[in-house]
Amino acid sequence: MSEKRMVYAEDVIQRICSMAPEILGGEYNPDIEDEVEQLVCVVESTPTVASAVEPRPIAKWLVVRRTADGAECKCGNCGRQETFTTFDRHTDHVYCCRCGYKMEGLTNV
């Protein structure tokens, strides 16, 4: 039950409504509509992925030394060293591969 899955809430609601008699005892009775409404409320009130996911922490690449065709930089969070060149730019490295922080920009030390 701990596995997280993304599902389309509208599809779940439609399936609950179409299968309600079968799920709730097989025969139609007046209470089914109340039961279905409660199930739909549970689905609609479940937190969405956007509200459940915390934003990733942010750091910057810090320039340690400039070279002829780029720069040696380090992660502003963990200090991992990377060498960037004209062909392998800092903008190609959106995340630090050691700490996982999102890298935004380049700053001189």
Side-chain angles (χ1 to χ4, degrees):
M1 189 73 177
S2 65
E3 179 185 356
K4 303 231 184 258
R5 300 184 316 154
M6 291 193 326
V7 297
Y8 291 104
E10 294 302 320
D11 292 347
V12 173
I13 290 170
Q14 184 179 9
R15 193 157 183 209
I16 288 170
C17 292
S18 67
M19 297 180 67
E22 185 178 330
I23 293 170
L24 300 171
E27 295 181 18
Y28 180 82
N29 65 52
D31 296 330
I32 284 181
E33 289 181 22
D34 292 334
E35 299 288 335
V36 169
E37 191 173 320
Q38 288 178 0
L39 289 171
V40 169
C41 285
V42 167
V43 172
E44 289 176 341
S45 65
T46 302
T48 61
V49 171
S51 65
V53 175
E54 293 183 20
R56 191 176 281 226
I58 297 172
K60 291 188 178 214
W61 290 116
L62 305 175
V63 177
V64 175
R65 184 178 74 131
R66 297 238 179 233
T67 61
D69 68 338
E72 288 182 14
C73 301
K74 68 178 181 177
C75 171
N77 178 57
C78 70
R80 176 174 171 80
Q81 297 262 340
E82 292 283 346
T83 301
F84 301 119
T85 65
T86 307
F87 300 105
D88 183 28
R89 305 165 91 171
H90 74 278
T91 54
D92 297 335
H93 298 262
V94 181
Y95 301 99
C96 175
C97 61
R98 182 188 290 164
C99 66
Y101 273 47
K102 184 173 182 177
M103 305 308 286
E104 289 190 352
L106 193 67
T107 303
N108 289 325
V109 179

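None of these values were measured; they are calculated from a predicted model. For the numbers below, each heavy atom of this structure counts, side chains included, while hydrogens, waters and symmetry mates do not.
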Subject >> Interatomic distance, Glu10 atom CD to Glu44 atom CD [nearest 0.5 angstrom] >> reply: 7.0 Å
For residues 64-73, dump all side-chain donor-acceptor pairs below 3.5 Å to protein atoms at least two apart in sequence or in another chain.
from, atom 1, to, atom 2, distance (Å)
Arg65, NH2, Glu72, OE2, 2.6
Arg66, NH2, Asn108, OD1, 3.0
Thr67, OG1, Gly70, N, 3.2
Thr67, OG1, Gly70, O, 3.2

Original post:
Does any pair with a residue in residues 93-107 pass salt bridge (charged side-chain N to carboxylate O under 4.0 Å, His left out), and if so which ones, sequence neighbours excluded?
Top reply: none
Subject >> With Val12 via side chain to side chain contact (heavy atoms under 4.5 Å, CB included) - residues at least two apart >> reply: Val7, Ile16, Val43
Subject >> Qualifying residues under side chain to side chain contact (heavy atoms under 4.5 Å, CB included), relative to Cys99, sequence neighbours excluded >> reply: Cys75, Asn77, Cys78, Cys96, Tyr101
Original post:
Does Arg80 have any salt bridge (charged side-chain N to carboxylate O under 4.0 Å, His left out) partners at least two apart in sequence or in another chain, and if so, which?
Top reply: Glu82
